[in-house]
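Because the structure is a prediction, the values reported are computed rather than measured.
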Amino acid sequence: MKAFSESGKLDYHSLVINRILTTVLVSVIPMVLAAGVMFYQFRTSYQEKVRAHLTTLMKKHKERIDTFLNERLGNIRFLSQQCMIESSNNRNFMEETLAALQRDIGPIYVDLGLVDARGMQVAYAGPYRLGGAHYAEAEWFRQAMQKNDVISDVFLGLRGLPHFIVAVKKSWEEKDWVLRATIDFGAFNTLVENIRIGETGFAFILNREGQFQTKPLYEVAAASGPYMEMLSAEVREDEVQILEMKDDYGQENLYAGAFLKGGDWLLVYQQRTSEAFADIRRTLNVAAIIVLLGALASITLAVVRVKTMARRLEEAEHEKEMMNEQIVEAGKLASVGELAAGIAHEINNPVAIMAEEAGWIEDLLEDVPPDLENLPEIQRALKQIRTQGKRCKEITHKLLSFARRTDSTVREIDLREIVEEIVEISAQRARYSNATIDTEIDGDLPRIQASPTEIQQVFLNLINNALDAMEKTGGRIDITGRRDGEDILFEIADTGSGIPEANLNKIFDPFFTTKKVGKGTGLGLSICYGIIRKMGGEISVQSRVNEGTRFTIRIPVLARVEESKRGNGFRRGM
């Protein structure tokens, strides 16, 4: 939208700002929206991918841990019947069995014990002095007596170290016996501790009361909101829960939970959201950089293009103003020409009467006695009156020929005669400018077919321009004319101020002028160029600042005006 100042002129500063804002908004907003939509879709897809991967990971490790526990329970079930029979007859059997387990499976089993229905351990193999230990009040013993087999929670027990029990109940000789084995906590903890992703991802196990069954890699609060929410959720055992919540320290984390051991334990995986979705953040940063660079490029392009447009508009506005001024000036010149024509007509009449009266007085003096005093002086004065009257008539005649409308009628003309008339008319102005006009024109120049008024206009413009260049300094104008093969060559050289090299290729452009307002219209040289080109000729210029200017005109001897072929007469902008 164009902005105008209070004076009614175009406000280019506001125009530039409005155009830049409009261009930037039109180019940047769609880019930002497209980037936003693409990033949203990428983030949604990536989050789903992370959750799917985490679900697969949790199921895999849940199956692995459950398999580990079930295998331990299976081992004890297999040994339970034989241990009860052999232990009653062979006290070393328990130690041999423990050694075999540790040899075949690994140091997972810490010890073995056989407990009777009263909770008294009647046989024991292991590194601790637990023979005769009483477990009647132990939770795992009560559960084993009720359920036939049990995997206990992690606890300290009599040894004061974290461990958990795998126990199986068997009946023999109408009595209930429980075979128990202690599982190494370190081995089990390592099994869970190895679940790692990145720097902040780790896993641990909680029981239904929110108590740790493995040691977390980092300090966490077991009773924290996310864990309790997953423990209290009613989900299938094979279902994986995924949450995004803040912990007690205000850190945003990604949580995943899966129930183990028939729903008694919860395997928890925890990772900082910033790390889990780090690729999203990196993508956002890259997208932001791309959008920012695109926006900067759009802004830069908008600024450059809008400023270029504004400069051209301003130049066009300036040229328009100059053209208006030059049109007004041309109108003034036309009015002055018409006024000069009218004055010339008015002067012609009294001058003609003065010449006739002088002639009549001369006739009267013929009847005067020859010895009349001062008669020779009177005759001399009358002769001078007639001579000057004739000169005035010639001047006004030439003035009228320039003041009348341009006549483009083509006829045979003598270039030397026209140039000398122009020089005579310009002689008075040359004296005012302290300049001299010298001509050297061959007398045998061939006559050509051209419009006299157009040729007059060409030479008058060139001489006037030369006089303008010497207005303050004075100088000399040399006009030479000769035949050069099939052409007539004229050179108009002056010793004026010269033309800067930067302007030489523009001086024939319409409305180009270096003169002050009111001193020129910028049309003179353009018209000259058009007239000469229309005749099939050429006009060129050479100039040096402070040394002078030389215009060279080359006109074919067989010059013809062919409007339909030569163009409209004006030189187009270079």
Side-chain angles (χ1 to χ4, degrees), residues 1-50 244 246 250 252 272-329 500-518 521-523 526 570-574:
M1 180 178 179
K2 292 186 178 181
F4 292 87
S5 62
E6 294 180 357
S7 61
K9 292 185 177 181
L10 192 61
D11 187 348
Y12 291 98
H13 181 70
S14 299
L15 176 65
V16 168
I17 293 176
N18 291 339
R19 291 288 182 178
I20 289 176
L21 289 176
T22 302
T23 304
V24 169
L25 291 176
V26 168
S27 58
V28 172
I29 288 179
M31 179 172 60
V32 172
L33 290 176
V37 171
M38 292 175 65
F39 175 74
Y40 173 77
Q41 292 178 342
F42 169 77
R43 185 183 66 177
T44 302
S45 175
Y46 188 82
Q47 288 176 339
E48 291 177 354
K49 179 181 177 182
V50 168
E244 286 185 46
K246 289 184 178 180
E252 188 78 24
R272 288 187 179 178
T273 305
S274 57
E275 184 183 38
F277 299 127
D279 287 343
I280 294 179
R281 188 176 66 254
R282 285 192 289 269
T283 303
L284 177 61
N285 293 337
V286 171
I289 292 173
I290 293 174
V291 170
L292 180 61
L293 292 177
L296 289 176
S298 298
I299 292 172
T300 302
L301 182 61
V303 170
V304 171
R305 296 192 66 179
V306 170
K307 283 190 173 181
T308 301
M309 178 197 70
R311 185 176 67 253
R312 290 177 179 174
L313 284 175
E314 191 171 5
E315 290 174 354
E317 189 77 11
H318 181 65
E319 290 179 359
K320 179 183 175 182
E321 292 178 1
M322 289 183 60
M323 187 182 298
N324 290 337
E325 293 173 356
Q326 291 161 355
I327 290 173
V328 171
E329 187 67 21
E501 186 177 354
N503 294 336
L504 282 177
N505 63 339
K506 297 187 287 186
I507 61 172
F508 295 117
D509 291 345
F511 302 108
F512 175 80
T513 180
T514 58
K515 298 178 183 178
K516 296 180 180 179
V517 176
T521 63
L523 293 172
S526 178
F570 279 96
R571 182 198 191 205
R572 300 195 180 275
M574 297 177 66

Exercise. How would you list, by chain and number, every residue that makes a salt bridge (Lys or Arg N to Asp or Glu O under 4.0 Å) with Glu244, sequence neighbours excluded?
Worked result: Arg51

For this session: Sequence neighbours left out, what passes side chain to side chain donor-acceptor pair (under 3.5 Å) with Arg312? Give chain and number order.
Result: none

Seminar exercise, completed: Glu275 meets the side chain to side chain donor-acceptor pair (under 3.5 Å) criterion, sequence neighbours left out, with Thr200, Gln271

Exercise. Looking at OG1 of Thr273 and CZ of Arg281, how far apart are the two atoms once the value is rounded to the nearest 0.5 Å?
Worked result: 11.0 Å

For this session: Measure the spacing between OG1 of Thr22 and CD1 of Ile17 and express it to the nearest 0.5 Å.
Result: 11.5 Å

For this session: Kindly compute the distance separating CG (Leu292) from CD1 (Ile299), expressed to the nearest 0.5 Å.
Result: 8.5 Å

For this session: Check whether any side-chain heavy atom of Gln47 sits under 4.5 Å from a side-chain heavy atom of Ile280, and report yes or no.
Result: yes

For this session: Kindly say whether Leu296 contributes a backbone atom to a donor-acceptor pair with the side chain of Thr300 at under 3.5 angstrom?
Result: yes

For this session: Would you give the length of the straight line joining atom CZ of Phe42 to atom CG of Leu284, rounded to the nearest 0.5 angstrom?
Result: 10.0 Å

For this session: Kindly indicate whether the side chain of Ser274, heavy atoms from C-beta on, has any atom under 4.5 Å from the side chain of Glu252.
Result: no

For this session: Check the pair Arg43 / Tyr40 against side-chain contact (heavy atoms from CB on, under 4.5 Å), numbers first and verdict last.
Result: CA-CA 5 Å; Arg43 185 183 66 177; Tyr40 173 77; 3.6 Å; yes

